[in-house]
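Please read the structure below before turning to the comments.
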Number of protein chains: 2
Amino acid sequence: MKTIIRRAVKEDCARLLELIRELAEYEKAPQEVTVTMEHFIESGFGKQPVWWAFVAEVDGRVEGFAMYYIRYSTWKGQRMYLEDLLVTEKMRGQGLGKMLFDQLIVEAKEKNFNGMVWQVLEWNEPAINFYKKYKADFDPEWINCSIPV
Amino acid sequence: MKTIIRRAVKEDCARLLELIRELAEYEKAPQEVTVTMEHFIESGFGKQPVWWAFVAEVDGRVEGFAMYYIRYSTWKGQRMYLEDLLVTEKMRGQGLGKMLFDQLIVEAKEKNFNGMVWQVLEWNEPAINFYKKYKADFDPEWINCSIPV
């Protein structure tokens, strides 16, 4: 089994969206994925990219990915916001998540981001335990708010 | 008293950073503001801007601002992330916050963002009540995580 971590390219978008949809079904919210392929590609590889990603490729097939965007904190400046970290069900427990996460840290250092931030669901114990290994700081005091426009 | 809402320009940066620092002192965390003026300006008005803002100007003086960046959601696409909404203490209760928030909604529509998202501290009742007027959705299930890099 040959595993490589590499930067996502435009040609990965179809597979990435497939994985995103699979996860949404697993989370019983497939209707929530309303982004189109065209918008997805344009946002990652158009004139003004707003997301960047790494993929974990196992024997030539993408089995996981990590996607981030740049968060601007008025206190800290530019930070890496980890939007999604995903490994296919059959490939879990083999260290792909760790390889992707470690790659993000390298990237964050190279780009001089002031740290990495993300969110985790309060009941997602496996994920919380994973992040504890990185000595992550957990702050439950904030509530996510949203409105459609 | 003449109040206008306008897009922030480079020349506003010194005043914005002043307001950001004032807020941090009020929140008893002045040491947390580590962003430099240079990085602040570059991030907003450099080659690849990552934040945008509107200011509320009262009789020629900036008394509040709203700053956002673009969040990329793998489910929803590009969304407006409201990083900071701030009105100076002496100008509160006069509708500046509402004017700024309404301007953000106009901007989000114009830029075809899929909604607006932000966070509020769970004990910040005045802010929560303000957002309730906009029928915001509140989701307390997520925990903020971070690591330095």
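A, B, ... follow the sequence lines: proteins, then strands. Residue 1 opens every chain. Nothing here was measured: the structure is a model prediction, and the numbers come from that model.
Side-chain heavy atoms closer than 4.5 Å link hydrophobic residues (I, L, V, M, F, W, Y) into clusters, and following such links, even through other members, never connects A/V9 to A/V58. Both B/I105 and B/F138 belong to a common hydrophobic cluster when Ile, Leu, Val, Met, Phe, Trp and Tyr are linked at side-chain heavy-atom distances under 4.5 angstrom. Cluster membership for B/L121 and B/L23, using ILVMFWY side-chain heavy atoms within less than 4.5 angstrom, is not shared. Under the 4.5 Å side-chain heavy-atom criterion for ILVMFWY residues, a single connected hydrophobic cluster contains both A/V50 and A/M37. Hydrophobic clustering (ILVMFWY, side-chain heavy atoms < 4.5 Å, transitive): B/W75 and B/W142 are in distinct clusters.
Across all non-hydrogen atoms, the minimal contact from B/I143 to A/D139 is CG2-N, 3.7 Å. In terms of heavy atoms, B/V33 sits closest to A/T74 at CG1-O, 4.3 Å.
Per-residue counts of heavy-atom pairs under 4.5 Å with chain B were compared for A/H39, A/E141, A/K135, A/M67; the largest is that of A/E141. Taking chain B as the reference chain and counting heavy-atom pairs below 4.5 Å, the highest number among A/Y134, A/W51, A/Y131 is found for A/W51. Between chain B and the options A/L17, A/L82, A/I70, the largest number of non-hydrogen pairs under 4.5 Å is found for A/I70. Chain B forms more heavy-atom pairs under 4.5 Å with one residue of A/D137, A/T34, A/V35, A/I147 than with any other, namely A/I147. Looking only at heavy-atom pairs under 4.5 Å with chain B, the residue among A/W123, A/Y81, A/Y68 that has the most is A/W123. The most heavy-atom pairs under 4.5 Å with chain B, out of A/S43, A/A108, A/A29, A/A24, come from A/S43.
For A/T36, no part lies under 4.5 angstrom from a heavy atom of chain B. Looking at A/P30, neither its backbone nor its side chain comes within 4.5 Å of chain B, counting heavy atoms on both sides. Residue contact with chain B, scored on non-hydrogen atoms closer than 4.5 Å, involves the side chain of A/D84 exclusively. For A/R21, no part lies under 4.5 angstrom from a heavy atom of chain B. Only the side chain of A/E83 comes within less than 4.5 Å of a heavy atom of chain B; its backbone N, CA, C and O stay farther away. Proximity to chain A involves both the backbone and the side chain of B/Y72, based on heavy atoms less than 4.5 angstrom apart. Contacts of B/K109 with chain A are made by both backbone and side-chain atoms, with heavy-atom separations under 4.5 Å. Heavy atoms closer than 4.5 Å to chain B are found in the backbone of A/P148, but not in its side chain. Looking at A/K76, the atoms closer than 4.5 Å to chain B (heavy atoms on both sides) sit in the backbone and in the side chain alike. Both the backbone and the side chain of A/F40 come within less than 4.5 Å of a heavy atom of chain B.
Atoms CD and CD, from B/Q119 and A/Q119 in turn, are 5.0 Å apart once rounded to the nearest 0.5 Å. A distance of 14.0 Å separates CE of B/M80 from OG of A/S146, quoted to the nearest 0.5 Å. Taking OH of A/Y69 as the start and CD of B/Q78 as the end, the distance is 11.5 Å to the nearest 0.5 Å. Atom CH2 of residue A/W118 and atom CG of residue B/N144 lie 10.5 Å apart, to the nearest 0.5 angstrom.
Residues of residues 110-117 of chain B that come within less than 4.5 angstrom of chain A, heavy atom to heavy atom, are B/F113, B/N114, B/G115, B/M116, B/V117 in numerical order.
Environment of CD in B/E125: sparse, with no more than 12 heavy atoms of neighbouring residues, nucleotides or ligands closer than 6.0 Å. In the displayed structure, B/Q31 atom CD is contacted under 6.0 Å by more than 12 heavy atoms of other residues, nucleotides or ligands.
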